[in-house]
Structures are given as C-alpha cells and as structure tokens.
2 protein chains.
Amino acid sequence: MYSIGYLSKKTGVKVPTIRYYEDIGLLSSERNAGNQRRYSAQGLERLSFIRHARDLGLSLEAIRDLLALGADPDAPCADVHAITRAHLADVQARIAKLKRLEKELKRIEANCHAEDVGECYVIEALADHGLCAGAH
Amino acid sequence: MYSIGYLSKKTGVKVPTIRYYEDIGLLSSERNAGNQRRYSAQGLERLSFIRHARDLGLSLEAIRDLLALGADPDAPCADVHAITRAHLADVQARIAKLKRLEKELKRIEANCHAEDVGECYVIEALADHGLCAGAH
DNA sequence: CCTTGAACCTCTAGTGACTGGAGCAATTAG
DNA sequence: CTAATTGCTCCAGTCACTAGAGGTTCAAGG
C-alpha cells in the first residue's frame with residue numbers, strides 16, 4: 001500500500017490535486033489506523049491514467065466517462081473513440097481560433113511605427129474593430 | 001447617456017458582464033435618479049476596447065494595463081507592444097502545445113482496430129505513458 | 001393618471017481544475 | 001524520545017464570467 005506522497009512522486013500529480021480527485025469521486029482510497037490514505041497498485045494505475053489523459057487535455061468529465069468504459073472490457077470500443085474524437089475536434093477548433101488570433105496580433109503589431117501611445121496603432125486597432133483584417 | 005442594455009446591444013457584451021467589469025474596476029458609470037447606470041460615449045468606447053481586446057484573447061489584467069497606457073498619449077508605445085508581444089508569444093506557445101496534442105491523439109486513434117474496450121488501444125495508451133510517441 | 005411589462009438593481013452562488021494556507025495529527029528516522 | 005516530515009480537514013482564492021432570487025425603476029399604451 002502506498003501513501004499519497006508516494007503516488008504524487010510517481011505520477012507527478014500534486015498531493016492536494018489527488019485529494020481533489022477523491023473529493024469529486026474520480027479516485028478512491030482506503031485509510032490506515034491513523035486516517036491516512038493508502039493506495040493499492042490499482043490506485044496508482046488509475047491515477048496515472050487520469051494524469052496522462054489530463055496531459056492530453058481531456059476534461060475530468062471525459063476522463064470520468066473513459067474510466068467507466070475502461071472498467072468494462074465488453075463495452076464497445078467505439079464509445080471510447082467517440083470521446084477522444086470529440087476532444088480531437090475541440091483541439092483542432094482551438095488551434096484554428098488561436099491561429100486567427102496570431103495572424104491578427106502580428107498584423108496589428110506590424111502596423112505600428114509610432115514612438116508613443118498618442119499615435120500607437122495597437123491602441124487604435126483595439127479601440128476600433130473596423131480596423132481589423134479578418135474576423136475573430 | 002446610454003443605459004446598460006444599450007451598451008450591451010452595441011458591444012455584444014452581456015449585461016452581467018458589464019456589471020462585472022465595473023465590480024473589478026475596469027469600467028465606471030454614473031447613476032441616474034433611480035440608481036440605474038448611465039454611460040457616456042467614452043464609456044461605450046472603453047467597453048468596445050475591452051471587448052475587442054478580449055476577443056483577441058488578452059487577459060483582463062493585460063487589458064487593465066493597456067487602458068492605463070492608452071490614457072496617457074505620451075507613454076512609450078513600446079510598453080503597449082511589450083504587452084501584446086507577450087500575449088502573441090503565449091498564443092504561439094499554446095498553438096504549439098495543441099499541435100503536439102493533436103498529433104498524439106491522432107496517432108492513438110489510428111492505432112486502435114479493436115471492437116471492444118478489452119483490446120482498445122486508446123485505453124491502453126492512456127494507462128501507459130510509455131506507449132506515447134512524443135513528449136507532452 | 002394608471003397599469004403593464006421590460007429592463008434594471010443587489011446579492012449570492014456556481015463553473016473547471018486546481019492551488020495555497022492554517023492549524024492540527026500521525027508517521028518515520030536517528 | 002524527539003524532531004522533521006508527511007499527512008489530515010477545512011476554508012478561501014484563482015479567472016472570467018454566468019445564473020438565479022427577489023425586488024425596483026422606467027417607458028409606453030390606454
């Protein structure tokens with residue numbers, strides 16, 4: 001049985017975060033005589049799963065669903081893919097949006113050749129959406 | 001003088017959000033006899049500025065700084081650019097990270113040819129970081 | 001002038017995913 | 001046995017809103 005600090009070291013998830021995962025029902029633990037959390041190898045595995053899925057940007061809600069699916073070997077694999085594919089679409093949409101922002105920020109930056117705020121194109125552009133090149 | 005609802009319609013910022021901006025000191029307003037908010041043309045302009053900067057992804061903290069700079073025509077334009085350039089760098093970093101995620105998610109998806117969760121590669125990959133292609 | 005309905009007011013609490021601190025209790029190493 | 005470390009619970013804060021309850025004011029029509 002592992003302590004919460006050991007799990008933290010092994011997975012890179014901070015101790016308060018592990019407690020938080022327990023609070024919201026993602027992770028469970030036993031307690032020893034002194035009321036301290038003790039985890040099995042399965043607990044460590046489960047936390048690693050959560051950590052990795054978080055690193056990939058999945059929401060805790062999505063992870064909750066994945067964990068439920070993972071617990072049932074006969075569940076259709078397609079259900080898992082539905083979750084990850086939806087996430088992928090979301091990631092792609094965010095990339096697209098950020099790229100538009102990047103372009104617009106660069107354009108605004110490049111248009112300013114002033115010395116002080118009085119003539120700064122950045123300030124003007126922010127005040128007036130009409131000066132924008134593309135939609136955002 | 002404009003009402004809060006009018007400002008909301010003109011800028012696309014929701015009424016509670018405008019009140020929130022006032023709470024945190026980004027925007028101020030006068031009050032009429034019945035204690036309702038009344039805005040000048042400057043107020044409308046200021047809110048448009050905030051709205052546009054938010055659309056470009058700037059934080060309210062950054063916007064607060066930009067507004068302070070914008071109020072002083074003799075302030076160095078470079079200070080404005082420092083803020084927007086920092087934001088641009090942040091946007092670019094986020095794009096890079098999301099692209100790594102996109103790649104990894106696609107790879108994991110493509111590697112699974114199973115029917116049910118028992119053999120699903122997605123579940124395996126999430127449980128074991130060692131199966132990952134790149135770092136994330 | 002009166003009524004109705006829309007718009008407004010304040011205040012509180014909730015979102016997601018944590019993070020940090022206070023003030024204790026338990027464990028572990030020497 | 002003692003000191004240092006680790007653990008416990010509970011509460012509050014982050015960011016940028018959003019929603020709801022319960023009440024007030026305003027503008028238009030009759």
Side-chain angles (χ1 to χ4, degrees), chain A residues 1-39 43-44 46-47 49-67 83 86-87 90-91 94 97-98 101, chain B residues 1-39 43 46-47 49-67 83 86-87 90-91 94 97 101:
Chain A
M1 303 296 276
Y2 313 120
S3 71
I4 197 169
Y6 180 85
L7 251 76
S8 176
K9 236 173 256 160
K10 280 280 154 183
T11 60
V13 179
K14 289 185 187 158
V15 168
T17 304
I18 299 176
R19 293 203 190 99
Y20 168 73
Y21 288 161
E22 184 175 320
D23 281 351
I24 63 168
L26 272 190
L27 199 61
S28 63
S29 65
E30 295 174 41
R31 298 295 179 113
N32 72 355
N35 196 36
Q36 298 196 349
R37 290 171 178 82
R38 289 296 176 260
Y39 298 90
L44 176 56
R46 193 175 172 95
L47 182 57
F49 183 101
I50 296 170
R51 168 73 210 259
H52 194 191
R54 282 297 297 143
D55 280 350
L56 285 167
L58 285 145
S59 72
L60 292 182
E61 246 342 276
I63 292 171
R64 194 189 296 276
D65 293 343
L66 287 174
L67 283 167
I83 294 172
H87 178 56
D90 185 57
V91 166
R94 265 150 58 197
K97 170 150 199 216
L98 286 172
L101 293 191
Chain B
M1 302 296 277
Y2 313 122
S3 71
I4 196 170
Y6 181 85
L7 252 75
S8 176
K9 237 173 257 162
K10 280 280 155 186
T11 61
V13 178
K14 290 185 186 161
V15 168
T17 304
I18 300 175
R19 292 203 192 100
Y20 169 74
Y21 288 161
E22 184 174 321
D23 281 351
I24 63 169
L26 272 191
L27 198 62
S28 63
S29 65
E30 297 174 40
R31 299 295 179 114
N32 72 357
N35 196 36
Q36 298 196 348
R37 289 169 179 81
R38 288 295 176 263
Y39 299 90
R46 194 176 170 95
L47 182 57
F49 183 100
I50 296 170
R51 169 71 210 258
H52 194 191
R54 283 296 298 141
D55 279 350
L56 286 168
L58 286 145
S59 72
L60 293 181
E61 246 342 276
I63 293 171
R64 192 188 298 276
D65 294 344
L66 287 174
L67 284 167
I83 294 172
H87 178 56
D90 185 57
V91 165
R94 266 153 53 200
K97 170 151 199 219
L101 292 192

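Note that these values count all heavy atoms, side chains included, but never hydrogens, waters or copies made by symmetry. Chain identifiers are assigned alphabetically (A, B, ...) following the order of the sequence lines, protein sequences preceding nucleic acid strands; residue numbering begins at 1 within each chain.
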Test: E22(A) and R19(A) ion pair at under 4.0 Å: no
Nearest 0.5 angstrom please: [X] [atom1] to [Y] [atom2], how far?
X	Y	atom1	atom2	answer
I18(A)	S29(A)	CD1	OG	10.0 Å
L66(A)	L58(A)	CG	CG	6.0 Å
L47(B)	K10(B)	CG	NZ	13.0 Å
L27(B)	Y21(B)	CG	OH	9.5 Å
R54(B)	I63(B)	CZ	CD1	5.5 Å

Rounded to whole angstroms, how far apart are [atom1] on [X] and [atom2] on [N]?
X	N	atom1	atom2	answer
R19(A)	dC8(D)	CZ	C1'	6 Å
L7(A)	dG7(D)	CG	P	10 Å
Y2(B)	dA7(C)	OH	C1'	19 Å
E22(A)	dT9(D)	CD	P	7 Å
Y39(A)	dG7(D)	OH	P	10 Å
D23(B)	dC9(C)	CG	P	11 Å
L26(B)	dC15(D)	CG	C1'	13 Å
R31(B)	dT24(D)	CZ	C1'	13 Å

Student check: side-chain heavy atoms of L67(B) and I50(B) closer than 4.5 Å: yes
Residue-phosphate contact under 4.0 Å: [X] side-chain N/O, [N] OP1/OP2:
X	N	answer
S3(A)	dG7(D)	yes
R37(A)	dT9(D)	yes
R64(B)	dC15(D)	no

Touch class at under 4.0 angstrom, heavy-atom based, for I24(B) against every strand present: nothing
Heavy-atom protein contacts under 4.0 Å, nucleotides 17-30 of chain C, coded B base, S sugar-phosphate only, - none: BBS------SS---
